[in-house]
Amino acid sequence: MNILALNLSKSKQLLSIFLGILAAGFSLNVQAQESDILRRTYQQVIESYPRNLEDARRQGNRANEAQILVGAALGYQYLGEYQQALQLFRDALAIAKSIGDKGLISQVFSGMGSTYSKLGDYQGINFFEEQLKQARSGGDRLIIGIALKSLGLAYLSLPNYQKSINYYEEYLLMVRESKDPMEEIQILGLLSSAYGAAGQTQKQIAILEQYLVVCKQLDNIALRVSFQTYALFSLSAAYELLGDTTKAIAYQEEAIQFSQKSQDSSQIVLAMQQLALLYGRLGNSEKLISILEQAVALAQKINNEFSLATALDYLSHAYAVAGNYTKSIDLQKQSLSLYQAFNQKTKTDGSISEIWGLANLARQQLKIGQLVEAENNLKTAIRLSKKILDEQILPNSNLFAMTRDELNLNIREVTLDIYRTLQQILVATNRINEALEVAEIGRARAFVDLLRTNLSVDPKSQQTSPPLTLEQMRQIAKEQNSTLVQYSVIYNDNVSTWVKIGKKRSYETTLYIWVIQPTGTVTFRSVNLQPLWQQIRDVEGSTSLLSLFVLNARSSIFIRGRGVPTQDKPEKSSTEESSGNTRRKYEKLQELYKFLIQPIADLLPTDPKQRVTFIPQESLFLVPFAALQDSNGKYLIEKHTILTAPSIQVLDLTHKQRQKLRLATAENRQIQNKNSLIVGNPIMPFLPQKGDLAPVQLSSLPGSEQEAKAIASLLKAQPLIGAQATENAVRQQIGNAQIIHLATHGLLDNLMGFQSSLAFTPDRKDDGFLTAREILNLKLKAELVVLSACDTGRGRISGDGVIGLSRSFVAAGAPSVIVSLWKVPDEPTAELMLSFYQNLQQTNDKAQALRQAMLATMAKYPTPRDWAAFTLIGEAE
């Protein structure tokens, strides 16, 4: 299957790019190798390298000497001995520089960047920046060029597209001076990718046209044709993004002509598949299927098993979208058989292609009622995906320039629809409790694995965590003394949207809701979302309809930002509004209540002090549950004490972490005697802007300063204010604090999540932005973290929950984290936070203290934007 398919949303596009890079690197390094074999191989390399190094030095072979050092460094990196790896890389780099071997220097740079990434330097950016600085100072053009290229790729992965573009542009000028067409073609390809990822499609097109011109300078005809074909593919994709499908088709047809010149039949098959998809998006199903059938015939003629498998895969999807499920199933079975045969030949125990083939086959079987067959195929797909992840990918995670957690998270993202489809089958066959277990398995698995490792729940276990049983879920509800509400979003068709006819799209049809009460009673409700779809069915694009519905509800309460003063006087108090029938009603919040709460309202506790823990999915993580209104205008927070969590198993692990912390600190019930880190209104850092625009300093937050001082007085602590609130000072104190309260700016990264950050005072060492990725490397003893800043509960929404600040603080050891769902206003937030701590002194229940603070703030600031942004993740006590 071509995972770099066209017309994907930004997040799906990034996931596809990640999988493409992973597939290429993984096949080169560890395909068909068991992790223990690879480990033994690297151990042998390490054991033999001193002897080999001595031989190379005796022979005076400097290049060989450096290669031996690099091999040993890679061995140490694989085994997790990063400092030893870095020292060997440094030795190799010194030799590579001394002999001016550009390829070897690039190889060492790549290895060092990967190793530094494991130590928290994302993609080795700080290392590359330092190398560039030294090279500029010494005028070393060779190192300058290599560093610029490395930084371009690192910032593209971050993602910081503008910085990536800036470095690539500078490197391009150097390459053109050296008149190296091959290197120029490579950098133009990277630069076009950066412009494309940044959404600057016209500039991407201009770069690709330059790429075509440079291709003509190549003497090697085969290479020239291959590169020209790539450029035409890319131009076709760019014009499709601009909505010019006619031009996209013209370039794709030209790409086919070039592929025919190269006589690379597998490339011709690929080009035909992409051309067929373009006709499909124009609504021409006949042309879509006709061209794909031609691609199948060509793949059969050249006897290329893998090309034939992918061509049949595409054709199967096309017939499925056209509604011919019988034909689709037959084609998918043929494709799957070829994938499996290919795996046997290459001695690969399962592959992502085979997993997708099984999942797609099951989806079509579900459509025509072949439920037993569909269930078996899905369970096989799950077994294979677990085997590949546990035995091939995760044990070899040190081969990649990312953490084990990021690798785990991205790979699991691929299998989400498998669990969703299996839930549908289990519900259809009235196995509701099994469906709940599957719903739980399909969410936050990477987060659970990360927590087990970071929190030392099972320090000996390096494998992924076993899923929860129904009985364990019941026990967790009892331990939490909370009613657990788990949501699962079901779509009309889980078939990948890269095969499309006209404006047909996937959309949410059903919401599964399970309610687990502290007594152990489990109740299931199914909610029809068709009315929602009918309201916004005319919306085009790949955005989820449920996402639009949630965003509309959020917009309806006029969300604004921290640091923006309240422009009007407080509205009428809640008491005055409630005394008559004058309380303001928010239609969109009431509609959300109708879908999310009303179907289960009879199952929720009647005592408002009793807890309800919501476990959302996808865009439901953005829902301000506290502000949802019933038909009488009563807010949910007035009826219930509310918490949230990414999964039931995460709740179990935060509970264990809370118990562990309290045993270690001999729990002190008097909160004011606990060691606290309170930060407010740092001297704000400068935020980089796009292009050549000068950085802009974040605005001061005087309200957060008053908030921090008042809370510090209450907790008998010394706050870090202004110049004192440096990132370094926060790092030094944060590991010993039992209560952490950070009142500052929060910056949102909703693309990848790991660059979401908190702003502190910058100094010579730190830029002032503490990122989610950096927080993951902290070791916290805090029972409570409060992020009194904008958007701290948001980030990249994935099957693992929200990837951002909240996830990082929980993973770093905090069992209770309070975060915000939007840009919170300054004055109301300061009052709400002070009220929260005052209430917390009267009770050990953080959830109840937050509820009372919300109610108190609501009385003065009735608009939900002013009091409903915060949510408690994890433990109430």
Side-chain angles (χ1 to χ4, degrees), residues 562-563 661 665 668-685 698 700-746 757-763 766 768-770 774-775 778-790 792-793 805-806 808-809 812-820 824-842 844 846 849-850 853 857 869-870 872-873:
R562 177 140 212 178
L661 286 173
T665 58
N668 188 337
R669 293 279 176 180
Q670 295 301 311
I671 186 172
Q672 60 264 35
N673 293 332
K674 294 186 178 181
N675 183 24
S676 303
L677 169 62
I678 315 294
V679 176
N681 196 23
I683 296 176
M684 294 299 170
L698 296 172
S700 177
L701 298 174
S704 77
E705 181 172 336
Q706 298 307 312
E707 172 187 327
K709 288 178 177 179
I711 292 169
S713 175
L714 196 66
L715 302 183
K716 295 181 171 51
Q718 184 64 41
L720 295 178
I721 304 293
Q724 296 176 317
T726 63
E727 183 180 346
N728 186 49
V730 170
R731 286 177 183 273
Q732 288 180 354
Q733 296 187 32
I734 201 167
N736 292 317
Q738 290 174 272
I739 295 174
I740 299 169
H741 184 94
L742 307 175
T744 182
H745 277 295
S757 59
L758 294 167
F760 300 105
T761 303
D763 56 23
D766 298 305
F769 295 105
L770 183 63
E774 291 172 323
I775 293 164
L778 300 175
K779 298 295 182 184
L780 302 182
K781 300 176 183 176
E783 292 184 12
L784 171 66
V785 173
V786 179
L787 304 182
S788 182
C790 298
T792 52
L805 294 166
S806 59
S808 292
F809 272 107
S816 304
V817 181
I818 293 178
V819 295
S820 62
V824 293
D826 213 15
E827 289 178 33
T829 298
E831 294 188 28
L832 184 146
M833 286 300 167
L834 181 58
S835 176
F836 166 73
Y837 284 102
Q838 289 170 338
N839 282 294
L840 195 55
Q841 286 189 326
Q842 307 303 318
N844 199 42
K846 303 178 186 75
L850 182 59
T857 308
F870 291 96
L872 172 59
I873 298 172

If you look at every heavy atom in [X] and [Y], which pair is closest and at what distance?
| X | Y | answer |
| --- | --- | --- |
| Lys846 | Glu783 | CE-O, 3.8 Å |
| Ile721 | Ala708 | CD1-CB, 3.8 Å |
| Ala830 | Gly703 | CB-O, 3.8 Å |
| Ala814 | Val785 | CB-CG2, 3.6 Å |
| Pro682 | Ala743 | CD-O, 4.2 Å |
| Pro719 | Ala712 | CD-CB, 3.6 Å |

Quick one: does [X]'s side chain get under 4.5 Å of [Y]'s, heavy atoms only?
| X | Y | answer |
| --- | --- | --- |
| Leu872 | Ser816 | yes |
| Phe836 | Ile818 | yes |
| Leu805 | Val819 | no |
| Leu701 | Met684 | yes |

Measure the [atom1]-[atom2] distance between [X] and [Y] for me, rounded to the nearest 0.5 Å.
| X | Y | atom1 | atom2 | value |
| --- | --- | --- | --- | --- |
| Gln733 | Ile678 | CD | CD1 | 10.0 Å |
| Leu834 | Lys709 | CG | NZ | 14.5 Å |
| Asn736 | Asn675 | CG | CG | 6.5 Å |
| Leu714 | Gln838 | CG | CD | 6.0 Å |
| Ser835 | Leu840 | OG | CG | 11.0 Å |
| Ile740 | Phe809 | CD1 | CZ | 6.0 Å |

Is there a donor-acceptor contact under 3.5 Å from the side chain of [X] to the main chain of [Y]?
| X | Y | answer |
| --- | --- | --- |
| Thr761 | Ile683 | yes |
| Ser704 | Thr744 | no |
| Asp766 | Glu727 | no |

Checklist entry - With His745, which of Asn681, Leu758, Leu698 fulfils side chain to side chain contact (heavy atoms under 4.5 Å, CB included)? => result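 In the set Asn681, Leu758, Leu698, the residue that makes a side chain to side chain contact (heavy atoms under 4.5 Å, CB included) with His745 is Leu698.
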Next on the checklist: Please determine whether side chain to side chain contact (heavy atoms under 4.5 Å, CB included) holds for the pair Leu742 and Leu770, giving the CA-CA distance in whole Å, both sets of side-chain angles, and the decisive distance to 0.1 Å.
Outcome noted: CA-CA 12 Å; Leu742 307 175; Leu770 183 63; 5.8 Å; no
Next on the checklist: Could you go through Leu850 and Leu832, starting from their C-alpha distance and side-chain angles, then the distance that decides it, and tell me whether this counts as side chain to side chain contact (heavy atoms under 4.5 Å, CB included)?
Outcome noted: CA-CA 8 Å; Leu850 182 59; Leu832 184 146; 4.2 Å; yes
Item to check | side chain to side chain contact (heavy atoms under 4.5 Å, CB included) assessment of Phe870 paired with Thr829 | outcome: CA-CA 9 Å; Phe870 291 96; Thr829 298; 3.8 Å; yes
Item to check | Chi angles and distances behind the side chain to side chain contact (heavy atoms under 4.5 Å, CB included) call for Ser788, His741 | outcome: CA-CA 7 Å; Ser788 182; His741 184 94; 3.8 Å; yes
